[in-house]
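What follows is a single structure, written as structure tokens, with notes after it.
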Amino acid sequence: MLKEEHNTYIPNEVESKWQSIWKETDIYKTSDNVSSKKNWYALSMFPYPSGDLHIGHWFAFTPADAHARFQRLEGYNVLHPQGFDAFGLPAENAAIKRNINPKKWTFDNINNMQKQFDIMGNSYDWNRKLITCTPEYYKWNQKFFIEMYKKGLAYRKNGPVWWDPIDQTTLANEQVVDGKSERSGADVIKKMMPQWYFKITDYAEELLDMSTLEWPEKIKQMQRNWIGKSEGVTIDFKIENHTKNISTFTTRIDTIYGVTFVVLAPEHPIVTRLSLDKNKDVKNYILNSQKLSEIDRTSTTREKTGVQTDINCINPVTNEKIPVFIGDYVLASYGTGAVMGVPAHDDRDYIFAKKYSLPIKVVVSPDGSSDLELDHAFTGNGTQVNSAEFNGLSNIEAKQKISDLIQNRNLGKKTITYHLRDWLISRQRYWGTPIPMFYDKNNNIIPVEEHELPVILPDAKEFKPTGQSPLTLDEKFLYYNHPKLGKLKRETDTMDTFMDSSWYHLKFASPGNLEVPFEKEKIDKWSPVDQYMGGAEHAVMHLLYARFFNKVLRDLGYVNFDEPYKRLFNQGVMLARHMKISKRNNPLNPQPLVEKYGTDSVRAYLMFLGPWDRGGDWSDSGINGIYRWLNRIWEMMTTKYHEKEVLDLDSKNLSQISNQTTKDILNGMRNFRFNTSIATLMEYSNNLSKIKKNGTVSNSDWLDACKRLLIHLSPICPHISEEIWNIMGNKNSIHLQSNPSYNEELLEKSTYILIIQVNGKLRDQVELEKNTSKEEIKKFLNNSEKIKKHIAGKKIVKEIYIENKLMNLVVK
RNA sequence: GCGGCUGUGGUGAAAUGGUAGACACGCAUGCCUUAGGAGCAUGUGCAGCAAUGCGUGGGGGUUCGACUCCCUUCAGCCGCACCA
């Protein structure tokens, strides 16, 4: 029971005490079914085991935990698991640099980080821990890969791929940012290589449908942009004196009558097929364009260049002969790799035409006149001119009619193109899931038999990146004697680690089973993830891949839902000295803060800084205030309350603010407004401390208020609230309680503050009984010196009166 | 260039179209203390002794009333970008 004397709040004692009790009682162990409770799956994006949890991790994980804990108080059966995204390059780089085994490095880091997770006080169910670099996990990557291969969703193709010269491996399109590797920061180059791909483009259209997702609009927009749907027409241009065609893609078929040239990408296959590069100028131009880095080639500010070829082609609607150019502003990877040049109505074509003195023919006119002189391309809408039978139509209408005409005459067809490329999945590195494929001596692809899975990643001694997977050095791994097919060579590439994170949320919902990747009944209880939480940097990588993969698993019969993550919340970026916090830059260590103030203070401070989705520049300058606040709560609740004289008014007031506090907290916590929720709690505790000083409410009212505050505090500061809860004599853990309820009727105060404005400006205010009559109020107005001063000599032309709120006098 | 977000005290920030700056940090003064620290109390948007005036990046508008809605402009951050 409560002692009279003061005892001190020592965070580290309280925290380690409860952390070990929670561990012993396995309080966060989650069962798949709890009668009378709904399930809630709260998932934080699992971390890469880089070694230590820095303050950025704390900012990502502790508010997420507070929200999960809050959902428990809301009455849900909450699954909040954690694991490690354990494959990837840093382990290999550490192996090279420090001559340690990547597996050992990874597992040492995991052990270390799990201890640090415990210090955070997060409510993870560690019974479900998963580590993606274990054969039990990556076996299923391999099984899915084989099933995708059999369905044609995984394929091997020789093609241009992004190459990271530092990491010595290929990258997926999404992992290239501004021509640099998202991972190493190196300028990437294009290489021709046979590689494995996943056919994400088959799902482009379905991936565009995000109508069921409660995600930030920003992320949805980024995914839409990335998929980059564009509707238009592919139209074939006959080459003069040849049987071949040049196929072009355009979204502006209404400008077909204005085509005065055609431009091919330097890599366009027809260039070599028609030996256009026999021409010396053409050959030099192509050689030069190959020297340019991709970032230079796609720079919008660079001058457009090109070279004329020896061929011409025929405009299919006008039968005009037009020249064919090669220009490196045309990308081989988009559309058909060839564009029809319409200088009058496209900025790039205009610049190109001016440079090479090509004719500029206006076919869409802003004012209907047909002999315009343009000093720049006109890209807006207007009226067709110089367009044969389409003259006079609006270009929007003409677009339809010309498409129909072209389709009917078999000159081309309506086409949809996407910016999205297939997902390049193979990596020439060691520390990843081996791709479960063989090649025979004729290079035929033979999948590993399912009963042979997993293909174990062998121990390696040499990890130096050479452009080939280190697995090629392992003769024992490399060759396999197939009972029927004889000696086969294994695929030595490993999988992109985004494979691992594409389905890990399902494994958390069905851990432990080694026979199947997951049990359908179990994942159905938890899926889709109710609340996913993590950084926005994965908008077009992890989040897009996981959506794709979910649809693949659905089509393979594993799951029966369409989307993996129902709700998504992105926390903001925590910066340190204006730089993103990361292991590389400035791994701000929370350890000293935890030692000085305790986990609870660090957690509350991170949540109090501002809205979670905003982030900010890290500074610990305010944490002391949080620490003092927790000390005041400790002091207030661990010393005895003395009931002096119970005042009816104070009891009523307490009831009112208690109900209001609960209403605000529930609202705030539901919407991830941790900062305002904490502010509300501070106000409440400030109020309680005044009450305690005066002793004007009953003992039991006081006790109820304390409990209310503690329960509201418990998701944010789980340790101190548990300790005080326990000191107060409660037997069950505070984390097994429910949120207090509030009564709308008790929110009502009997009085209100009337705002009195003159011309919309506050001039006076007065506290009045609710529903005071307008006449009463006028009486007050007539007596108010402040009001009199402002209306003296003026005429009241209007009174705006809102009952129980405000009176605005409009004077002239 | 296109799209999105954000601009509020010395600082982090708060405000269903109705008291701008809640809640904190910091600072100031006082109490306590041998002292430092901690703690407690009071104050703290700016200018002014005050009355009062001004004040949410700038300009305009709607409204009795605008941080909030509309138009426009500037700045910062993020994303996309020769996408045909």
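Excluded from the calculations below are hydrogen atoms, water molecules and symmetry mates; all remaining heavy atoms, backbone and side chain alike, are included. Numbered from 1 within each chain, the chains take letters A, B, ... in sequence-line order.
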Using purine N1 to pyrimidine N3 plus N6-O4 or O6-N4 for Watson-Crick, or N1-O2 and O6-N3 for G-U wobble, both under 3.5 Å, which nucleotide pairs with B/G18?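 For B/G18, the partner nucleotide comes out as B/C64, under the 3.5 Å rule.
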According to the Watson-Crick and G-U wobble definitions, with both distances under 3.5 Å, which nucleotide is paired to B/C23?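 Base partner found: B/G12.
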With a 4.0 Å cut-off on heavy atoms, is [X] in touch with a base, just the backbone sugar-phosphate, or nothing at all?
X        : answer
A/Asn675 : sugar-phosphate
A/Leu809 : nothing
A/Val330 : base
A/Ile755 : base
A/Ile802 : base
A/Leu762 : sugar-phosphate
A/Gln757 : base
A/Gly625 : sugar-phosphate
A/Asn686 : sugar-phosphate

Check whether any side-chain nitrogen or oxygen of [X] sits under 4.0 Å from OP1 or OP2 of [N], and answer yes or no.
X        : N     : answer
A/Arg763 : B/G53 : yes
A/Lys798 : B/C64 : yes
A/Arg224 : B/G79 : no
A/Arg614 : B/G7  : yes
A/Arg673 : B/C23 : no
A/His419 : B/A81 : yes
A/Arg628 : B/C25 : yes
A/Ser230 : B/A84 : yes

Is the A/Phe674 to A/Phe608 ring centre distance short of 6.0 Å?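 Between A/Phe674 and A/Phe608, the centre distance exceeds or equals 6.0 Å.
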Would you please indicate if the ring centroids of A/Tyr627 and A/Tyr605 are separated by under 6.0 Å?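 Not close enough - the centres of the two rings lie 6.0 Å or further apart.
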A/Lys774/A/Glu803 salt bridge by N-O under 4.0 Å criterion: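 Salt bridge between A/Glu803 and A/Lys774, a charged N being under 4.0 Å from a carboxylate O: no.
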Euclidean distance, atom [atom1] of residue [X] to atom [atom2] of [N] [Å, nearest integer]:
X        : N     : atom1 : atom2 : result
A/Ile219 : B/G3  : CD1   : C1'   : 14 Å
A/Leu575 : B/C78 : CG    : P     : 9 Å
A/Ile678 : B/A14 : CD1   : P     : 12 Å

Do A/Arg421 and A/Ser333 have side chains that approach each other closer than 4.5 Å (heavy atoms only, starting at C-beta)?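 Yes, at least one pair of side-chain atoms sits under 4.5 Å.
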Sole candidate of A/Asp664, A/Thr680, A/Thr662 that passes side-chain hydrogen bond (donor to acceptor under 3.5 Å, both in side chains) when paired with A/His712: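 It is A/Thr662, the one option of A/Asp664, A/Thr680, A/Thr662 that forms the side-chain hydrogen bond (donor to acceptor under 3.5 Å, both in side chains) with A/His712.
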